[in-house]
Amino acid sequence: MVIENQIKASVTKAIKELYGADIAPESVQLQLTRKDMKGDYTIVVFPLMKVSKKNPVETGNELGQFLQSDCSDIAGFEVIKGFLNVQLSDAYWLGELNKESGNQAIGMIEAKSDSPLVMIEYSSPNTNKPLHLGHIRNNLLGYSLSRIVTANGNRVVKTNIVNDRGIHICKSMLAWKKWGEGQTPESTGKKGDHLVGDYYVKFDQEFKKEQAELMANGSTKEDAEANSALMKEAREMLLKWEAQDPEVYALWKQMNNWVYKGFDITYKTMGVDFDKIYYESDTYKVGRDMVIEGLNKEVFYRQEDNSVWADLQKDGLDEKLLLRSDGTSVYMTQDIGTAKLRYDDYDIDKMVYVVGNEQNYHFKVLAILLDRLGLNWGKDLVHFSYGMVELPEGKMKSREGTVVDADDLMQAMVDTARDMSKELGKLEGYSEEDAEKVYKTIALGALKYFILKVDPRKNMTFDPKESIDFNGNTGPFIQYTYARIQSIGRKANEKGFTSPDKVELSVELSAKEVQLQKMISNFSAVVKEAGNVYSPAVIANYVYDLAKEFNQFYHDSPIVVEEDTAKRDMRLLLCRNVAAVIKNGMWMLGIDVPERM
RNA sequence: GGUCCAGUAGCUCAGUUGGAUAGAGCAAUAGCCUUCUAAGCUAUGGGUCGUGGGUUCGAAUCCCGCCUGGAUCACCA
C-alpha cells in the first residue's frame, strides 16, 4: 500500500531531523495495529532507541508528533510501551473506499500477452479406480492455485497427466475378462470408473485367494507370490499391450474410456477442469528417447546389465535408475517424457506440480535431471507438496474399505445441504431446479473450504461430521455473508436507493467500518502473499476474517434503514466492496457464491 | 540409519521476514429474531505453544540437543 511507504519515508525523515541519523526506509518496522488496540499502523520503536538515545516512550512521542504534522493522513497517535500506534483520518479511509468503488476485479491483476506462463499439473489419476478423498485435496488445491496464480497476473495452463498404462490397469482388464461376463457401465448403470475399480478390487480378492491356496499347500509367501498364475497373466497382458496386441489394446481403450467418462462427471461436479491433458501412454516413449539422448550426451551412464542411471552424488543424492535392464521405462522416465512434451507444446516460464509430499524426493531428482537435459524451467520447477488426508480413525486404507469415495462424499454433502436448507425454510419461491443449484453450491462450498482452509503442507484430518457443519469457520458461513449483502442490495433497490459511486469524505466512520475498509485495502497484498507461497489457505483465512468482521458490522449498523443519506451511501458502498472481495476471494478458492441462501 | 516435514485449547485449525495480554471455529454454558437473511451476533470457561538449553530489550516464531508422529531413501507408480 502506498500509505505504508509514506509512513516509512516520514519516519526516516523524522529520525534525520530529530536525531540526525540516517536510516533506510525499508528498515522501519511497520505493521498493521493489533485489532484490539486503537490505531491503524504500528511502528515498533525499540530498534530506533539506539539512534534516539532516549527511552521508548519518549522516542515514540517525539516520533508521533513529527509524523502527525508531516503526514496529513495521520490524525492521531498513541504510544504504548515501545509501540507507536498511528491513527489515520476517516477521510483517508473514505478515499480508499472510493478508490475501489465499482471495481468488480478488486484484488486481481489482469495478465498480458507477455505475462509469465505458468503451467500447473494436478489431479494425475490412475485409470484403475475412482477418485477418492486424497484426489479431492489434490484437485481442489491445484484448481485454486491456478486461480490464485491467474489473479496475480500470470497466464496459466492447467494440465493433467493421466496414468493410463501399466500393470494396475492390466489387473482390472484381466479381472473383467475373466469374471466380468461382458458387463458395461450401460448394462449395470454404474459409473465407468467405479465399474473398473470394482474389477481392480476383484483382482486383488482373487489374487489373495490364490495366494492362500498356494500357502495352504506348503508354499512360502515368497514362492506363492513368484508362482502366482494371476500375476503372471497380468504381466503377460502388459507385454501384449506394449506390443499393441489388437485385442488387448481394444479392451484397454474401452475400459479407459469408461473411466474417463466417469472422471468427467466427478470433475464436473467438483468444478475443476483442464486446458491440456497428457496421457502416460503417449509420454513414456518420449521419456525413453530423452534418456537415450542424455546417455549420448554423457549426462547419464549405462551399467553392465544394460540399465541406465543418473549419478546424482555431486548433488548430494544417490544414483537413480532411469531405464530398466530390459529397456523399459520407470516412473521417472515417464515424467521426463511428459516434461519434454510440455516443453515443446508451451513456452513455459514456470512449472508447478501439485503432487503429494510422499514424492518430495522424486521431484528433487526430477528438477536436477530436467536441468541437466537442458529444459530451462527444470531447475526451478515447483513441487507443490501437500500433506495427506487422514480420517479420525487413521489413514485411509483400501484394503479395509475405509477409502472415502469422491462421488459419494459430494453427494452426501449435497443431501445435507438440501435438508438443512429446507429445514431452515430458505429459498422459498425458488424453482426446484434453481434451489438444487444452490444446494450444490453450498455443499461444494463447504467441502472445498474445509479442505482449502488448512495449510496445504500439513497432513490434515478429515472428519465427515465436521465437514458437513455449515456454521462457524466454514464455506457456507462466508457464502451466507455474501448472500446477506446481496439481499441488502436488493432491499436498497426496492427503496429506490441507487448504489453510489463516491461518498463524501466528511462522513464519520465507526471502528468497525474502518476495520472493514482496512481489510479491503489489504486484499491485494493477501493475494500476492498467497501467490508467493502458493497457499489457498491464506486466501481462505482472510475471507473468513472479512466475513466475520462484516457480520459484526452488520449486526449493529443499520444500512438500508439508515436515515442519514451520506452514512447510508457510505455503508452501501462498503457492502458492495466487501461483497466484491468475498466473491473474488472465493473465486480464487474455486468456490461459487449464491445470491440467496 | 540418512534426508525432509509436522507437534499450539477436549477436537479441527490460524498465527513463523522475532514484537504488545497466543487467536478462531466446533463442543459446553448463558443471552439476542414485531427494523436490512439467527447458516448470524454477544458473553463465560478452557493454554507449561512437545521438551531442555541458547541468542535478544523481546521467542510459538531463530539456533542446538532430545522426545513423539509421518513421509522418503525400489529395476513400484
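Quick note: numbers below take in every heavy atom, side chains included, and nothing from hydrogens, waters or symmetry partners. Quick note on labels: first sequence line is chain A, next is B, and so on, each numbered from 1.
- Side-chain nitrogen and oxygen atoms of A:Arg34 include at least one within less than 4.0 Å of the OP1 or OP2 phosphate oxygen of B:G23.
- In this structure, A:Ile451 atom CD1 and B:C13 atom P are separated by 12 Å, rounded to whole Å.
- Counting non-hydrogen atoms under 4.0 angstrom, A:Asn532 reaches nothing in the nucleic acid.
- Rounded to an integer number of Å, the gap from A:Leu323 CG to B:A74 P is 17 Å.
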Contact pattern, 5' to 3', of nucleotides 32-41 of chain B - B, S or - by protein heavy atom under 4.0 Å: ---BBBSBBS
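- When both distances must be under 3.5 Å, the Watson-Crick or G-U wobble mate of B:A27 does not exist.
- Comparing A:Glu319 and A:Ala537 by the nucleotide of RNA chain B whose heavy atom lies nearest to each, the residue mapping closer to the 5' end is A:Ala537.
- For the pair A:Phe300 and A:Trp309, the minimum side-chain heavy-atom distance is 4.5 Å or more.
- B:A9 is unpaired under the criterion used here, namely a Watson-Crick or G-U wobble arrangement in which both key atom distances are under 3.5 Å.
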Would you tabulate the pairs of protein nitrogen or oxygen atoms and nucleotide nitrogen or oxygen atoms of nucleotides 15-18 of chain B closer than 3.5 angstrom?
unit_1, atom_1, unit_2, atom_2, d
B:U16, O4, A:Arg457, NH2, 3.2

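- Between A:Thr127 and A:Val196 the shortest heavy-atom distance is O-CG1, 3.8 Å.
- Judged by ring centres under 5.5 Å apart and planes tilted less than 30 degrees, A:Phe46 stacks against the six-membered base ring of B:G19.
- Counting all heavy atoms, side chain and backbone alike, A:Ile591 lies closest to A:Tyr449 at CD1-N, 3.7 Å.
- Using a 4.0 Å heavy-atom distance criterion, A:Thr42 is classed as a base contact.
- Residue A:Glu121 contributes atom CD, which lies 13 Å from atom C1' of B:A77 at whole-angstrom precision.
- Within the nucleic acid shown, A:Thr461 comes within 4.0 Å of sugar-phosphate atoms alone, with no base atom in reach, counting heavy atoms only.
- With a 6.0 Å cutoff to the six-membered ring centre and a 45° limit on the axis angle, A:Arg568 counts as a cation-pi contact of A:Phe497.
- Minimum atom distance to the side chain of A:Asp318 is reached by B:C73, of the listed B:A24, B:U12, B:C73.
- Counting non-hydrogen atoms under 4.0 angstrom, A:Tyr331 reaches a base of the nucleic acid.
- Only one option out of A:Arg571, A:Lys567, A:Lys518 pairs with A:Glu513 in a salt bridge (Lys or Arg N to Asp or Glu O under 4.0 Å); it is A:Arg571.
- Across the strands present, B:U48 finds no partner; the criterion is a Watson-Crick or G-U wobble pair with both atom distances under 3.5 angstrom.
- Between A:Arg324 and the phosphate of B:A74, there is no side-chain N or O to OP1/OP2 separation shorter than 4.0 Å.
- When the side-chain nitrogen and oxygen atoms of A:Lys395 are compared with OP1 and OP2 of B:A71, one or more of them lie within a distance under 4.0 Å.
- Straight-line distance between the C1' atoms of B:C66 and B:U21: roughly 31 Å, to the nearest whole Å.
- Counting non-hydrogen atoms under 4.0 angstrom, A:Val44 reaches a base of the nucleic acid.
- Distance A:His383 NE2 to B:C5 C1': 12 Å, rounded to the nearest Å.
- Between A:Thr42 and A:Leu32, every side-chain heavy-atom pair lies at or beyond the 4.5 Å cut-off.
- The closest side-chain heavy-atom distance from A:Arg490 to A:Glu595 is below 4.5 Å.
- Considering only side-chain atoms of A:Phe83, the nucleotide from B:C73, B:G19, B:A77 that sits closest is B:G19.
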A:Arg324 vs A:Asp326, salt bridge (Lys or Arg N to Asp or Glu O under 4.0 Å): CA-CA, chis, key distance, verdict: CA-CA 5 Å; A:Arg324 296 192 187 100; A:Asp326 63 4; 5.1 Å; no
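- With contacts defined as side-chain heavy-atom distances shorter than 4.5 Å, the pair A:Phe523/A:Val527 qualifies.
- Residues A:Leu369 and A:Leu322 have side chains in contact (heavy-atom distance under 4.5 Å, counting atoms from C-beta outward).
- With P as the reference atom, B:G58 and B:U68 are 33 Å apart, rounded to whole Å.
- Atom CG in A:Asn357 sits about 10 Å away from atom P in B:A6, given to the nearest Å.
- Close to B:C73, at under 4.0 Å from its OP1 or OP2, lies no side-chain N or O of A:Lys320.
- Using modelled atom types, one side-chain atom of A:Arg596 and one backbone atom of A:Glu428 make a donor-acceptor pair closer than 3.5 Å.
- Protein atom CD of A:Gln359 is 16 Å distant from nucleotide atom C1' of B:G70, rounded to whole Å.
- For A:Lys35 and B:G23, the NZ to P distance is 11 Å, given to the nearest whole Å.
- Summarising the base pairing, B:A38 is matched to no nucleotide, lacking a Watson-Crick or G-U wobble pair whose two defining distances lie under 3.5 Å.
- The distance from atom OH of A:Tyr542 to atom C1' of B:A24 is 17 Å, rounded to the nearest whole Å.
- For the pair A:Arg165 and A:Tyr284, the cation sits on the ring face: its NZ or CZ lies under 6.0 Å from the ring centre, inside 45° of the axis.
- Across every strand in view, B:C4 sits in a pair with B:G70 that passes the Watson-Crick or G-U test at under 3.5 angstrom.
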